[in-house]
Every structure is written in C-alpha cells, then in structure tokens.
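I am attaching a structure below and will ask some questions about it afterwards.
Hydrogens, waters and symmetry mates are skipped; everything else that's a heavy atom, side chains included, is used.
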Amino acid sequence: MPLNNVRNIGIAAHIDAGKTTVTERMLFFTGETRKLGEVHDGEATMDFMKQEQERGITIASAAISCNWEDNQINIIDTPGHVDFTVEVERSLRVIDGMVAVFCGVAGVQPQSETVWNQADRYKVPRIAFINKMDRTGADFHEAVQSMDKYLNANPVPFYIPIGAEDNFNGMIDVIERKAHLFTEDLKRNIVEVPEEYKKQCEEARTFMIEKLADYNDCIMELYLDGKEVPPDYLKEAARDATLKLLITPVFCGAAYKNKGVRTLLDSVVEYLPSPIDKGAVMGIDIDDAEKNHPRHPSNKDPFSALAFKIIHDPFVGQQTFVRVYSGEIKAGMQVMNTTKNQMERIGRIMKIHAKEREEVDTAYPGDIVAFIGMKNTKTGDSLCDPKNPIFLESIFIPPSVIEMKVTPATKNDEKKLGESLRKLAMEDPSFHFHFDPELNETIISGMGELHLEIIIDRLKTEFGVEPQVGEPSIAYRETITIEAESNYRHVKQTGGKGQFAHVVLRLEPNDGKGFEFVDHIKGGAIPAEYIPSVRKGIEATLEEGILTKSPVVDVRVVLVDGSFHAVDSSDMAFKTCASIAFKEGFMKANPIILEPQMKIEINTPDDYIGNVVGDLSKRRGKIESMRRYRKGSQKLNGFVPLKEMFGYATALRSISSGRANYSMEFHKYVALSKDIQEKVLKEFQEKEKEKQK
C-alpha cells in the first residue's frame with residue numbers, strides 16, 4: 001500500500017473517556033471485527049489481558065491494523081490510568097498522529113492533560129473527539145472551552161452536535177454545511193442542515209475561517225473580501241494547520257451508540273499525517289553526536305527502526321514491537337542494535353491484530369510490527385542496517401514513585417521470583433526492582449499502587465510465584481552529636497591462654513565526612529601490629545549499627561591510649577575490645593538516628609496549591625521554591641522525609657483531583673526529631689522482640 005495511504009495513530013485520553021470503545025467501533029466499521037466488543041463485559045478486542053478484563057480498564061497498549069476506504073490505519077489503543085502512563089509515552093514516540101478522546105460530560109480531565117503534554121513532547125499532530133454526547137450532562141461547547149482553557153489546544157469545531165443527552169440525533173459538518181443524521185440500522189443520512197441549526201452552523205464556520213485565516217493567506221484574502229471560501233480550500237488549510245500543530249480539529253459522537261465513528265475515521269485519513277507527511281527522522285551519528293543523518297520513509301534508505309515495547313508471549317517467546325522508519329527488513333536478517341552495540345537476528349516478523357498474529361516475510365517503512373527471536377533489545381533501543389548505524393531519539397521514561405517489598409513464600413521460589421521480576425522489568429521500563437543487602441529485602445518500584453498491584457497479580461497468574469508483600473523498611477543511619485571518651489579493658493580467662501586488650505578511644509562528630517580513624521598511640525602502649533585490629537573492630541561495629549542495627553556514619557575515632565599483655569593479647573582480643581569500647585563511647589556521645597530526606601518536585605494547578613502545601617507540611621516537608629510551570633500551574637520544589645512518602649502518589653491524586661504529579665530523588669540524610677526518634681526506637685525494639693519469639 002502506498003505510504004500516503006498509511007496512518008499510524010494512537011487513541012489516548014483520561015481513564016473511562018471511552019478510548020477502547022472508540023477503537024472497538026473503528027474495528028467494527030472497518031470490517032476488522034464482526035462483533036462489537038464491549039469493555040464492561042470483558043469482551044473488548046483490545047483489552048485481552050486477564051487483568052484488563054477483570055478491571056474494565058486498559059493496562060497495556062495494544063496494536064491493530066484495519067483498512068478504511070483504501071487506507072491502512074494502524075491503531076494503538078493506550079491506557080488512561082496515570083499508573084500506566086509509560087504505555088502512552090512509548091506509543092506516542094512511534095505514532096504519527098493522535099486522536100484525543102474527551103468525555104462530553106467531564107471535558108478535560110487530569111490524565112487528558114498528562115497525555116496532551118506527552119504528545120507535545122513528541123510534537124504529535126492530533127484531532128479531538130468529544131465522546132459520550134448521549135450522556136446526561138453532556139455539553140459540547142463546555143468541553144471545547146475546557147480544551148482551550150487547560151490545554152491551550154486552539155480547538156476548532158469541524159462538526160457540531162444536533163441535540164445532546166437523550167436527544168443527540170446527529171452532527172453538522174461545518175465545512176460542507178451538511179447534517180449527518182443517525183438511523184437505527186447504523187447508517188448515516190446526509191441531509192441539508194435543519195433550519196433551527198443554520199445560524200449555529202454559520203457561526204461555527206465563520207469561527208473556523210477566522211482561525212484558518214491566521215495561517216493561510218488565500219483564506220485571509222477571501223475572508224477580507226467577503227467572498228465565499230470553498231470547502232476544498234478549508235480542508236487543505238485545516239490539514240496544513242493540524243500537521244503544524246497550530247489547531248486541533250474537534251469532532252463529536254457517542255461511540256457506544258455507534259454515532260460519529262465513521263466521521264472520525266474519515267477525519268483520521270483527512271487530517272492526520274502519513275509517514276510521508278511526517279518526513280525523515282533524524283538519526284545521530286554513533287561516532288559524533290554533533291552529526292545527524294536523515295532517514296526517509298523509503299525502501300531505498302538504509303533500514304532503521306525503534307523498539308518501543310517488549311512482550312513475553314508463552315507461545316512464541318519474546319515479541320519486540322518496532323516502528324520501521326526506513327528501508328526494508330526480512331525475516332532471518334541480522335540488524336544492529338546501536339544502543340547496545342550488538343547484532344540481533346530477526347527470526348520471524350508478525351503483524352499484530354490485538355491478541356491475533358499474522359506472519360509476514362517483510363516489513364516496510366511506516367509498519368508497526370513485532371520481531372520474534374531478539375534477545376537483548378529493550379524499549380527505546382535503535383535498530384538499523386549494520387553498514388549504516390545511527391541512534392534514534394529514545395523514549396522518555398518517567399521515574400518510579402512508589403516502592404514495595406516482596407519476599408518469596410518459600411526458599412525454592414527465590415530464583416523463580418528473580419527471573420520473573422527480570423522478565424517484567426524487560427517488558428515495562430517504568431517498573432524496577434533491586435535487592436537491598438542491607439535490609440535483606442527485594443524492593444519493587446513503579447508508577448503507583450495499581451501498577452504494583454498488577455505486577456503482583458501477574459507474578460501469581462503468569463509466573464506461578466506467590467510473593468509476600470509489604471512496605472519496605474527505611475534505610476536509617478546512626479551518628480553522634482557530641483565528643484565522648486571511652487576507656488575499656490577487655491580481660492577474659494578461660495583456663496588456658498586468656499584474652500587481654502585495653503583501649504582508650506575518643507569519638508568526635510565528623511559531619512558529612514564519613515568514618516575517620518586516627519592513631520595517636522605513643523611509646524608503644526599498643527604494639528603496631530594490633531592497631532589494624534582496633535580499626536577492624538570499630539569498622540565491624542559501624543556496619544552492624546547500635547541503636548537500630550543501621551550503619552553508623554560520620555564519626556571520627558581517635559585511638560588515644562591503651563595497654564597490652566605479652567602473652568594474652570591477640571588480634572581477636574583487640575578487635576573485640578575496640579568494638580565494645582566504641583559501643584560504650586557511642587552511647588555517651590548523644591547518639592541520633594538519621595533518616596533519608598528526598599528532594600521533591602510537584603507540578604500542580606493553581607487551584608490546589610493550598611491543599612498540596614498543607615499536605616506536605618503534615619508530612620514534615622518543606623517548600624524551598626515555587627515558580628510558574630505553565631498557564632494556570634505552579635512547580636513546587638522542596639524536601640520531605642522518605643518515611644512520610646508511602647502512599648503519596650494516591651494522596652496527591654486525591655487532593656488535586658488527579659491533576660498534580662510529582663517526582664522525587666534522594667537528597668541527603670538528616671536527623672530525626674527527638675519524639676520521632678523515640679517512636680522509631682520503640683518500633684525497632686518491638687520488631688526485635690517479635691523475631692525472638
């Protein structure tokens with residue numbers, strides 16, 4: 001099929017705006033499916049994961065191809081829940097155009113903003129579909145205004161509704177001045193605009209002409225001369241303005257009732273770009289980052305593609321989803337993964353129709369396919385002709401914001417858990433895990449509580465691992481605040497050779513400089529061969545900790561004096577003596593517990609600043625700075641203890657109606673207040689008692 005007739009599009013929106021239903025109707029009207037799949041009964045073609053069907057939401061982006069009037073449309077249906085935002089991110093990286101779906105009742109919702117900002121990042125042209133116009137409370141004009149207010153979308157209605165709620169009977173094509181009326185047998189009747197809607201149609205048409213006149217001199221001339229602007233002129237100017245991200249064409253309908261979907265399919269072909277429209281992608285020279293090499297959507301250019309998704313399929317193994325940008329690739333050929341600097345062989349090539357697969361011999365520019373047999377390629381990796389290697393722009397992966405600890409139910413499950421987590425992390429770049437030897441825990445982290453809930457569910461259902469789940473422990477540290485001295489004599493008689501060692505230590509705070517050991521022994525009070533043993537005894541105690549078995553940091557220890565016995569002194573005796581002396585000195589030096597403090601950045605609409613700041617204060621957080629983020633939003637920077645941040649992702653969504661987001665990273669260790677330190681010590685002592693039972 002000619003590339004001009006190919007559209008690679010994504011369907012994206014806030015959760016429950018109707019994205020998957022819109023996609024299902026597109027598949028039905030294009031003949032790809034013969035049965036209408038519904039989200040609410042778990043029968044949607046695009047929601048084929050068990051977890052998706054149970055919850056009635058989209059979790060993983062799904063790809064499918066369909067044909068509409070001699071055009072091939074490759075559709076990626078993406079999740080709306082913020083926990084799965086990376087699925088939207090990687091889909092937007094490889095699509096050419098986007099259909100943004102909005103609820104006719106709610107208009108712009110929190111995740112609508114996130115999706116819109118992601119599309120801005122990759123400069124994706126988009127059209128808008130105001131869905132659910134048959135719902136109680138649906139208001140087309142209010143929804144369009146919310147797009148202008150919250151997204152700066154410059155929305156232009158191309159169709160306006162005839163009626164709303166139960167009386168939503170059709171739409172008016174503003175450009176052609178025609179009414180589309182719906183019938184019970186899913187047909188469209190195209191008739192003249194009803195008399196009572198003619199004024200509304202002309203007002204919408206004038207608004208469109210005024211908008212397009214700003215970007216098109218020909219339309220500007222006709223408008224100023226008071227002449228009629230032909231529909232073809234408007235369509236051409238509108239397509240050009242849409243591809244340049246100057247306007248957002250707005251359409252409407254009720255996908256569940258099959259209203260407006262064929263018009264939307266027409267609009268995808270009419271206004272969204274083909275790979276030819278998008279033009280060449282720029283690749284970076286692997287030897288010189290300053291040099292760029294264009295890759296045109298042509299069979300004649302060297303092969304280049306980007307891996308954007310990994311799925312482990314129990315029947316065919318690892319499926320690597322790729323977008324081909326240039327050149328041809330055949331099954332059995334070798335390609336170079338320039339990100340890993342490794343060669344990969346492509347076993348088979350699959351065109352994916354949701355959960356169905358169709359094997360093909362060759363993939364061409366503009367194709368979205370799955371390669372079978374690749375072993376080392378991950379999300380965001382560049383694949384290309386070994387003779388013409390380049391790097392393509394990778395995929396932005398947002399930082400994970402929530403952690404949880406998992407432990408295998410049995411010793412035998414340890415290896416299985418590790419392998420399963422590795423596979424899940426390969427599939428999902430926003431999911432991470434690591435083993436913390438200090439706490440003897442496996443920590444998993446992700447984008448939110450639902451994200452990790454799905455991970456745990458998949459461990460059980462797909463991998464047969466039943467992990468025990470809990471909050472991770474905080475990795476505290478211990479230190480001292482004042483100088484103290486310790487004089488300890490270690491004497492032990494066991495009938496034979498005894499143990500003798502004597503040390504005098506001075507402990508000093510060493511803020512931010514770690515552990516320091518200073519030898520001030522004079523006159524051979526302790527022989528030189530025993531000095532390293534003194535140090536080792538202290539270092540072992542530093543690692544073990546004293547108050548909460550957390551490592552001791554930022555202490556300077558001076559070995560002031562001591563004595564020895566010619567027969568009973570030994571390395572072990574001095575090691576033991578130094579350890580006990582350090583513990584005694586530590587308890588005299590006003591010891592404190594340090595907790596990890598995180599640096600936090602919060603983006604919030606102005607309406608919720610008071611709520612966000614108030615909540616952060618309750619969590620012992622401090623705001624350091626506040627600045628304008630974008631229209632109607634602020635960016636807050638500050639510091640907050642990690643201990644207070646469990647469940648924060650959910651809390652922030654709740655207090656900001658889901659419209660605020662945040663990221664955080666480790667900053668430094670800071671002292672606990674006296675009352676919180678007492679509480680932590682009490683919790684630790686209770687845990688120790690439990691272990692001893």
Side-chain angles (χ1 to χ4, degrees), residues 1 3 6-10 61 63-65 72 74-76 89-97 122 124 273-276 278-286 292-311 316-352 357-397 426-427 429:
M1 182 171 288
L3 270 180
V6 173
R7 300 290 182 274
N8 288 313
I9 66 164
S61 51
I64 196 162
S65 296
Q72 179 181 315
N74 299 319
I75 304 171
I76 298 181
E89 191 77 41
R90 56 183 170 192
S91 301
L92 286 170
R93 171 63 185 85
V94 297
I95 59 177
D96 297 328
Y122 297 114
V124 178
S274 70
I276 298 290
K278 289 291 280 188
V281 295
M282 299 307 293
I284 301 168
D285 192 295
I286 63 168
N292 289 329
H293 301 286
R295 288 288 183 269
H296 298 89
S298 163
N299 298 1
K300 294 176 182 175
D301 269 29
F303 169 74
S304 67
L306 186 79
F308 70 95
K309 186 176 174 67
I310 308 290
I311 290 179
V316 298
Q318 182 174 306
Q319 294 182 113
T320 306
F321 281 73
V322 302
R323 160 71 192 265
V324 180
Y325 285 101
S326 63
E328 290 181 9
I329 189 72
K330 294 182 184 294
M333 288 177 68
Q334 283 206 327
V335 296
M336 184 177 187
N337 179 331
T338 49
T339 309
K340 299 279 193 310
N341 195 26
Q342 291 177 328
M343 297 298 289
E344 287 267 36
R345 183 181 175 277
I346 296 162
R348 291 188 285 162
I349 301 173
M350 299 283 189
K351 280 205 168 179
I352 306 296
R357 295 180 289 267
E358 173 198 348
E359 190 162 348
V360 295
D361 292 327
T362 311
Y364 301 96
D367 280 351
I368 291 177
V369 293
F371 291 161
I372 311 296
M374 306 187 89
K375 292 184 171 58
N376 302 307
T377 299
K378 289 187 178 180
T379 296
D381 285 1
S382 298
L383 302 171
C384 44
D385 177 356
K387 294 176 184 174
N388 296 276
I390 54 166
F391 289 116
L392 297 172
E393 180 192 353
S394 192
I395 296 169
F396 171 77
I397 307 298
M426 273 282 283
E427 284 187 20

request  = Nearest 0.5 Å please: distance from the CE atom of M343 over to the CE atom of M336.
outcome  =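 Answer for the CE-CE pair, M343 versus M336, is 7.0 Å.
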Practice task
Can you see which heavy atom on P365 is nearest to which on G327, and at what distance?
Solution key: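 Minimum heavy-atom separation between P365 and G327: CD-O, 3.3 Å.
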Requested in this report: Mind listing the closest non-hydrogen atom pair of L3 and S274 along with its distance?
Outcome: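 Heavy atoms of L3 and S274 come nearest at O-CB, 3.4 Å.
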Will you find, in the side chains of N376 and Q342, an N or O donor that is under 3.5 Å from an N or O acceptor?
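Side chains of N376 and Q342: pair found under 3.5 Å.
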Side chains of V324 and Y364 in contact at under 4.5 Å (non-hydrogen atoms) |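 No, too far: nothing below the 4.5 Å cut-off.
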*asked:* What's the separation between atom OG1 in T320 and atom CE in M350, rounded to the nearest 0.5 Å?
replied: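 The distance works out to 12.0 Å.
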Give me the ring orientation class for F321 and F308: parallel if the planes are under 30° apart, tilted from 30 to 60°, perpendicular past 60°.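 Ring orientation of F321 relative to F308: perpendicular.
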- [ ] Could you tell me the separation between the CG atom of N388 and the OG atom of S326, rounded to the nearest 0.5 Å?
- [x]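 Between atom CG of N388 and atom OG of S326 there are 9.0 Å.
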Taking the side chain as every heavy atom from C-beta outward, state whether K278 and P273 have any atom pair closer than 4.5 Å.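 Touching, per the 4.5 Å side-chain cut-off.
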- request: In sequence, state the C-alpha distance, the side-chain angles, and the governing distance for F371 and I329, and then conclude on side-chain contact (heavy atoms from CB on, under 4.5 Å).
  value: CA-CA 10 Å; F371 291 161; I329 189 72; 3.8 Å; yes
Kindly compute the distance separating CD (E328) from CE (M333), expressed to the nearest 0.5 Å.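 Reported to 0.5 Å precision, the distance equals 9.0 Å.
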| query | Given the rule in the side-chain contact (heavy atoms from CB on, under 4.5 Å) test, do R7 and D96 qualify, once you have shown the distances and angles that lead to the verdict? | reply | CA-CA 7 Å; R7 300 290 182 274; D96 297 328; over 6 Å; no
Hey, does N292 have a side-chain heavy atom less than 4.5 Å from the side chain of I284?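 A side-chain contact under 4.5 Å exists here.
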key: Side-chain heavy-atom pair D361, K330 within 4.5 angstrom cut-off   =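 No, their side chains stay 4.5 Å or more apart.
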(Q) If you compare all heavy atoms of P389 against all heavy atoms of T338, which two are closest, and at what distance to 0.1 Å? (A)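 Heavy atoms only, the tightest pair is CB-CG2, 3.6 Å.
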Atom pair OG (S304) and CZ (R323), whose distance is rounded to the nearest 0.5 Å =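 If we round to the nearest 0.5 Å, S304:OG and R323:CZ are 9.5 Å apart.
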Would you compute the distance between atom CZ of R345 and atom NZ of K375 and round it to the nearest 0.5 angstrom?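 Answer for the CZ-NZ pair, R345 versus K375, is 8.5 Å.
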Worksheet item: Do I346 and V335 have side chains that get closer than 4.5 Å, going by heavy atoms?
Response: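 Heavy-atom side-chain distance check passes, below 4.5 Å.
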Notebook entry, point to check: Do NZ/NE/NH1/NH2 and the carboxylate oxygens of D381 and K340 come within less than 4.0 Å?
Noted result: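 Answer for the salt bridge query: yes.
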Item to complete: Test side-chain contact (heavy atoms from CB on, under 4.5 Å) on I349 and T362 and set out the steps.
Response: CA-CA 7 Å; I349 301 173; T362 311; 5.8 Å; no
Any I368 side-chain heavy atom under 4.5 Å of N8 side chain:
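Yes, close enough: below the 4.5 Å cut-off.
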Evaluate side-chain hydrogen bond (donor to acceptor under 3.5 Å, both in side chains) for E344 paired with N337, printing each intermediate quantity in order. CA-CA 7 Å; E344 287 267 36; N337 179 331; 4.8 Å; no
*For the residue pair L383 and T377, establish whether any side-chain heavy-atom pair is separated by less than 4.5 Å.*
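L383 reaches T377 side chain to side chain.
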*Lys/Arg-Asp/Glu bridge criterion (N-O < 4.0 Å) met for E358, K351*: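 No salt bridge links E358 with K351.
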- Task: Grab the two heavy atoms, one from A280 and one from H296, that are nearest each other, plus how far apart they are.
- Result: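 Nearest heavy atoms, A280 then H296: CB-CD2, 3.5 Å.
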- Determine the minimum heavy-atom distance between I390 and G283, stating which atoms define it.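 Shortest heavy-atom separation between I390 and G283 comes out as CD1-CA, 3.8 Å.
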Checklist line | Shortest non-hydrogen contact from Y325 toward L392 | finding: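 Scanning both residues, the minimum pair turns out to be CD1-CD1, 4.0 Å.
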What I'd like to find out is whether the side chain of S382 reaches to under 4.5 Å of the side chain of L306, using heavy atoms alone.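 Contact flag for S382/L306 side chains = yes.
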- Just by distance, do the side chain of D385 and the backbone of K387 share a donor-acceptor pair under 3.5 Å?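 Yes; at least one donor-acceptor contact below 3.5 Å.
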Run the side-chain contact (heavy atoms from CB on, under 4.5 Å) test on I95 and I9 for me, step by step, so that the C-alpha distance in whole Å, both residues' side-chain angles and the decisive distance to 0.1 Å come before the verdict. CA-CA 5 Å; I95 59 177; I9 66 164; 5.8 Å; no
